Amino acid sequence: MTLRLGDVAPNFTAETSEGKIDFYEYLGDGWGILFSHPADYTPVCTTELGTVAKLKNEFAKRNTKVMALSVDGLESHKGWISDINETQQTEVNFPIIADEDRKIANLYDMIHPNSNENFTVRSVFVIGSDKKIKLIITYPASTGRNFDELLRVIDSLQLTANYSVATPANWKHGEDVVIAPAIKTEDIPGKFPKGHKVIKPYLRTTPQPDL
Ligand code: BEZ
């Protein structure tokens with residue numbers, strides 16, 4: 001199944017390291033990240049899952065719940081979680097799906113056979129509170145993900161969901177944003193009272209409106 005931005009993220013129930021979970025129930029009314037990794041007991045994945053565990057408060061601030069997936073089984077996950085906790089000095093605090101039959105990996109198109117027939121690639125899906133897919137990123141097995149970048153994108157997605165703005169290249173929370181082209185220049189002061197700059201008629205900036 002090919003999933004694209006704007007599609008509804010398919011629901012599923014899965015056996016996870018925290019018991020059987022219905023994905024939609026787990027997400028509730030908040031945002032979610034579903035991310036796959038190639039296999040348990042591998043070095044890059046160990047650092048990734050440790051990093052995500054340490055970012056728990058950052059995800060919570062953004063009302064975002066995290067769920068990981070690999071095609072290894074529950075017993076394997078349990079032993080590996082001990083290793084992650086030990087080596088990354090943290091406690092894994094989110095569920096890891098044991099997708100041995102690849103039901104969810106196939107549902108989310110996480111196996112790319114020309115890369116590897118047997119394992120999931122490093123897929124990331126960010127899912128909005130409306131259960132629609134807001135971001136899809138795919139990394140190869142050999143490259144660990146940058147989870148600070150994921151937090152940055154969630155900041156952008158949540159901001160632009162509520163205001164008629166977009167975020168420019170390399171934008172970070174707190175920096176100026178660009179005003180959506182649909183807003184007429186004469187309407188800007190009413191909508192963005194903190195001020196604005198017109199650099200070109202199509203390139204107008206304003207301070208981040210929700211601060
Ligand atoms: C890793 O997570 O370390 C890894 C997994 C598959 C291939 C290469 C590295």
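Given the structure is predicted, the values throughout are model-derived calculations rather than measurements. Counting convention: from 1, in listed order, for ligands and their atoms alike. We're numbering straight along the sequence, starting at 1.
- The backbone N or O of Asn85 lies less than 3.5 Å from no partner atom in the side chain of Gln88, so there is not a single donor-acceptor pair.
- Ring geometry for Trp171 against His173 counts as perpendicular: the plane angle is over 60°, on a 0 to 90° scale with 30° as the lower cut.
- Figure legend: cation-pi geometry between Lys65 and Tyr26, with NZ or CZ positioned under 6.0 Å from the six-membered ring centre and within 45° of its axis.
- Between Val44 and ligand 1, at least one N/O pair is under 3.5 Å apart.
- Between Arg122 and ligand 1, at least one N/O pair is under 3.5 Å apart.
- Considering only non-hydrogen protein atoms, atom 7 (C) of ligand 1 sits nearest to Ala141 CB, 3.6 Å.
- Atoms NZ and OG1, on Lys56 and Thr64 in that order, are 12.0 Å from each other to the nearest 0.5 Å.
- Considering backbone and side-chain N/O of Pro38, none are found under 3.5 Å from N/O of ligand 1.
- Ring-plane geometry between Tyr41 and Trp80 is classed as tilted, the angle between the planes lying from 30 to 60 degrees on a 0 to 90 degree scale.
- Close contacts of ligand 1 with Pro43, meaning ligand atoms under 4.0 Å from a residue heavy atom, involve 1 (C), 3 (O).
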